[in-house]
Each structure stands twice: as structure tokens, then as C-alpha cells.
Amino acid sequence: MAGNGEKPVSLTSRKNSVQQHQVCILGSTGSIGENTLNIIQRHPERFTVISLSAHSRVDKMLAQCLAFKPQHVVMGSEQAAASLKEKLTAHGVTNINVQFGNQALCDIAKDDNVDTVMAAIVGSSGLLPTLAAVKAGKRVLLANKESLVTSGQIFIDAVKTSGAKLLPIDSEHNAIFQCLPEFEQHRPGECELADNGISKILLTGSGGPFRTRAVETLSAVTPDEACAHPNWDMGRKISVDSATMMNKGLEFIEAKWLFNVQPEQIQVVLHPQSTIHSMVQYKDGSVLAQMGNPDMRTPIAHALAYPERIDAGVEPLDFFNTKAFEFEQVDYARYPNLKLAIEACSKGQAACTALNAGNEIAVAAFLAGDIKFTDIYKVNESSVDKFVSERVDCIDDVMTLDGKAREFASAIVAELKEQN
Ligand code: NAD
Ligand code: MG
């Protein structure tokens with residue numbers, strides 16, 4: 001008590017200080033990008049959009065430019081950039097700097113006028129710009145799990161060197177982050193979970209749209225069926241990854257790096273309702289869970305405003321009308337890609353980089369109608385086997401291996417296409 005005449009320390013001192021952030025969104029036209037803009041639009045006093053990027057969707061980017069008036073925009077090609085510029089001019093907007101290509105993406109990610117970067121490009125194309133943001137010491141909101149999967153220790157070392165602040169957007173990792181002691185939240189990649197009485201990370205997954213479908217019919221699955229996730233509305237690549245549970249495999253590897261844990265300390269738990277977004281188990285028997293309706297605006301708002309809490313437009317859970325909480329063991333015969341990823345996590349960086357590259361090629365081929373759903377595993381397994389012994393010591397090694405694995409996987413896809 002303050003019996004010596006001193007004023008008691010206020011525990012509510014955050015009330016008057018609204019933190020302002022200057023934001024770059026890499027991949028603003030995607031599912032995560034649009035949800036990020038939805039949160040920003042709700043809090044104009046907190047967030048200013050400095051830069052946006054998109055691969056090819058010119059009309060969506062035009063609408064975002066008119067609504068958010070960024071200073072810089074990066075498109076995937078010269079053609080897309082020229083088309084956007086023309087349309088902006090037709091709307092009387094001539095003060096947006098429109099560029100294209102990878103170097104421009106890295107430039108907006110490390111721009112001095114930006115303090116927060118949402119890394120929401122899909123696939124390993126997001127690696128270099130995300131890493132540029134990390135190296136520049138930004139607050140990096142990491143949705144692009146593939147960048148961490150493909151470069152692991154190299155990425156984490158860059159975070160440590162630059163002092164970048166890494167905040168997980170993946171709902172599972174964001175949930176785990178929220179269930180950690182506050183001290184550990186400030187040092188992703190260097191957490192000492194055992195010292196804090198933590199015994200396990202419990203990574204939940206819904207099992208996707210085919211959890212109960214007869215396994216022998218999976219080869220006939222169509223792209224639209226695979227993308228119809230029961231709980232989450234996401235981009236097509238991650239939707240297919242959720243159907244194969246490769247997404248949980250990538251998240252397993254992501255969790256290893258983010259929380260500095262060994263594979264034995266991570267357990268995947270099937271939870272079909274996606275109400276619990278993941279859990280942390282403590283030695284004393286406590287299990288902390290983060291719950292909510294499955295809406296990515298919750299983790300995005302959490303990370304954007306961290307350590308404050310802001311309205312995300314998400315309905316609170318209605319416990320009296322919530323479906324039952326169910327939990328199941330994973331059946332690896334149904335989800336061989338998850339087993340492959342868990343094994344790759346122990347085999348090392350080359351296995352993880354090759355697996356991610358093979359998977360990106362395989363999923364694109366499945367979405368294009370070139371291979372069967374069950375062929376994705378064949379491409380992924382061969383990619384790991386082929387490159388597992390390669391050395392990966394620096395980012396150039398990552399890029400080289402990523403390229404070789406893509407070429408190899410494309411050749412397998414061509415063979416499979418021939419057979420189908
Ligand atoms: P999406 O396909 O909806 O959007 C991807 C974005 O990246 C788009 O803006 C697109 O223009 C851009 N892009 C695509 N290819 C590119 C390239 N080669 N170069 C530059 N930009 C490119 O994807 P999404 O669902 O928003 O997912 C984005 C990332 O977030 C992925 O890594 C995914 O795993 C992760 N994530 C997504 C969700 C979700 O709910 N959607 C949840 C957790 C994690
Ligand atoms: Mg996730």
C-alpha cells in the first residue's frame with residue numbers, strides 16, 4: 001500500500017495513449033490483406049496505410065487505393081502496374097507511386113516511414129520482402145508462414161540481430177502467443193518455455209472438409225470441394241493445405257521456430273469446431289486456451305494493436321448456442337501430408353524447404369486440374385526424399401533449393417498429369 005504518502009501506481013495508464021502505426025501490407029488484395037484493411041478502417045486514429053501490394057488484381061487494388069490513399073503500391077508485373085496507373089489517373093489520382101517487382105516489394109517493406117508490416121503474401125514469394133521487413137527491425141505481423149518454414153533458423157537469427165518484433169497472425173500461433181507469460185511474448189524464437197513451467201504446445205486443427213469422407217474417395221475430390229472449408233474463409237492455396245492438413249504441418253514447423261520448442265513438445269489435436277484456436281499446457285496441470293469465433297480479424301486486431309485490445313467487429317462467442325467442443329486424435333492414413341511435415345521438421349531445413357516448394361507446385365497443379373488431390377502427397381514425399389541431404393546455411397541456399405525443388409516437383413507433376 002502507498003502508506004508513505006506516495007501515489008499508488010496506476011494500472012490503467014494505457015487509457016489515454018493511443019499508439020499510432022504506419023502500416024505496409026504485403027498482399028493486401030488477399031484474404032488476410034482484406035481483413036487487415038477491415039480492422040484499419042475501424043480505427044483511423046490508430047493506423048495509417050503507407051503502402052500496399054498485390055500480384056495481379058488491378059481492380060481490387062484500385063478500390064483499395066481510392067479508399068486508403070497509400071503513398072506506394074507494388075504490383076507483380078509491369079503490365080499490372082501500368083494498368084493500375086492508368087485507372088488511377090482516370091479517377092484523378094496521380095500522387096501514388098506505383099511500382100512492380102520483387103525489389104520494390106522489399107523497398108516498401110523496409111521503408112523508414114513504416115513501422116508495421118503485415119506479411120500476407122502467399123507462399124515462398126513472400127520470403128524476401130518479409131525478411132527485408134525483419135532486417136529493417138519492423139513490427140512484423142507474420143501471416144506468411146511459408147517464409148518461416150522455408151528459412152527457419154536464418155529467419156529467426158535475422159529477427160534476433162535486428163530486434164524486429166515478430167507477432168504471429170496464424171490463428172493457432174496467435175492463440176499460443178496469447179497464452180504465454182508476457183515476458184516470453186517479447187522474444188519469439190528465443191522463448192524458454194520449460195523454464196516457465198510449460199510442458200506442451202497443443203496445436204488445434206479442424207481436420208478440414210474431408211475429416212469424415214471415405215478415404216478411398218479422396219482421389220476424386222475437386223478443387224472447389226477442397227476449398228470449401230467448414231469454418232474458415234481463406235485463400236485457395238491455404239484452403240487446399242487445410243484439406244490435406246499440410247497446413248497443420250507447416251504450422252507445426254512454424255510453431256517450432258516461433259516458440260523455440262522441440263517437435264516432441266508440440267501435439268496436434270483435432271478440434272472440428274475451431275472454437276479453441278490452440279492451447280498451452282503447463283506443468284501444474286493448467287491448460288490455457290484462446291477461444292473465439294473463427295474469424296481472422298481477431299488475431300489481426302490483436303497483433304495490430306498489441307499490447308492493447310481493440311474492436312475487431314467479431315461477434316463474441318455465444319456459449320449457450322455454441323456447438324459441442326469435440327477433440328480427436330489425428331488419423332495419419334487420412335492426412336499423410338501432416339505426418340510428412342512433422343517428420344521433415346525433425347529431418348532439418350532442407351527437408352522443410354523442399355517440402356514447402358514441392359507442396360506449392362503440387363497445390364497449384366491440383367487447383368489447375370492437372371493432378372489428383374491424392375497426388376499432392378506423392379509430389380511432396382518425392383521432393384523431401386530428393387533434397388533432404390542438401391545444405392542450407394544462408395538465404396541464397398534457401399532460394400537455390402526452393403528453385404531446384406520447384407523444378408523437380410514440376411517434372412513429377414508432368415508425369416502424374418500424363419498418367420491421369
Ligand atoms: P490469398 O491467396 O487470399 O492472398 C495472397 C496475396 O498475396 C494476394 O494479395 C496476392 O496478390 C499476393 N500474391 C500472390 N502471389 C504473389 C507473388 N508471387 N508475389 C507477390 N504477391 C503475391 O492468401 P491468404 O489466404 O490471404 O493467405 C496469405 C498468407 O497468410 C499465406 O501465407 C497463408 O498461409 C497465411 N494465412 C492465411 C490465413 C487465412 O485465413 N486466409 C490464416 C492463416 C495464415
Ligand atoms: Mg492457422
Side-chain angles (χ1 to χ4, degrees), residues 24-38 51-61 63-64 73-77 80-81 84 99-106 108-109 118-130 132 140-150 167-177 203-208 227 229 231-242 245-255 258 268 271 274 276-278 290 294-300 302-303 338 356 359-361 363-364 367 402 406:
C24 161
I25 306 177
L26 301 170
S28 64
T29 52
S31 163
I32 293 289
E34 289 203 303
N35 278 313
T36 305
L37 288 170
N38 180 292
S51 46
L52 299 173
S53 92
H55 197 47
S56 54
R57 279 182 272 189
V58 172
D59 286 334
K60 214 175 224 188
M61 180 55 86
Q64 293 185 350
V73 168
V74 177
M75 300 299 294
S77 65
L84 176 65
Q99 299 164 276
F100 65 93
N102 291 334
Q103 185 54 51
L105 276 179
C106 293
I108 59 167
M118 168 57 82
I121 289 174
V122 61
S124 62
S125 305
L127 173 59
L128 293 181
T130 304
V140 179
L141 280 46
L142 186 70
N144 178 229
K145 65 193 91 185
E146 295 93 338
S147 59
L148 190 49
V149 168
T150 50
L167 291 155
I169 293 298
D170 222 336
S171 58
E172 295 76 5
H173 305 74
N174 184 272
I176 293 160
F177 181 94
L203 195 60
T204 54
S206 70
C227 289
H229 196 279
N231 306 334
W232 299 95
D233 183 12
M234 309 180 285
R236 282 173 84 76
K237 191 261 178 183
I238 185 176
S239 295
V240 175
D241 284 349
S242 298
M245 281 197 88
M246 173 55 82
N247 182 49
K248 208 52 53 189
L250 298 176
E251 290 180 356
F252 190 100
I253 301 167
E254 184 185 12
L258 278 179
V268 178
H271 169 47
S274 300
I276 292 178
H277 301 141
S278 277
Q290 187 265 356
D295 187 323
M296 286 309 291
R297 289 178 301 174
T298 295
I300 291 170
H302 171 264
L338 174 55
N356 181 71
N359 185 58
E360 286 190 28
I361 295 294
V363 171
L367 284 171
D402 179 71
R406 279 166 190 277

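We count ligands from 1, going down the list as the structure has it; atoms in each ligand are counted the same way.
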Taking atom [atom1] of [X] and atom [atom2] of [Y], what is their separation to the nearest 0.5 Å?
| X | Y | atom1 | atom2 | result |
| --- | --- | --- | --- | --- |
| Asp59 | Gln64 | CG | CD | 11.5 Å |
| Asn356 | Ile253 | CG | CD1 | 8.0 Å |
| Ile32 | Ile300 | CD1 | CD1 | 4.5 Å |
| Met234 | Asn35 | CE | CG | 12.0 Å |

List the steps and the verdict of side chain to side chain contact (heavy atoms under 4.5 Å, CB included) for Ser278 and His173. CA-CA 7 Å; Ser278 277; His173 305 74; over 6 Å; no
Of all the N, O or S atoms in [X], which has the shortest distance to the Mg ion (ligand 2)?
| X | result |
| --- | --- |
| Glu251 | OE2 |
| Glu172 | OE1 |
| Asp170 | OD1 |

Go through Lys237 and Glu146 one step at a time and tell me if the side chain to side chain contact (heavy atoms under 4.5 Å, CB included) criterion holds. CA-CA 11 Å; Lys237 191 261 178 183; Glu146 295 93 338; 3.0 Å; yes
Output for ligand 1, non-hydrogen cut-off under 4.0 Å, lists Gly27, Ser28, Thr29, Gly30, Ser31, Ile32, Ala54, His55, Ala120, Ile121, Val122, Ser125, Ala143, Asn144, Lys145, Glu146, Asp170, Met234, Gly235, Ile238, Met296
Just checking, is any N or O donor in the side chain of His229 or Ser206 under 3.5 Å from an acceptor N or O on the other one?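 The answer is yes; a qualifying pair exists.
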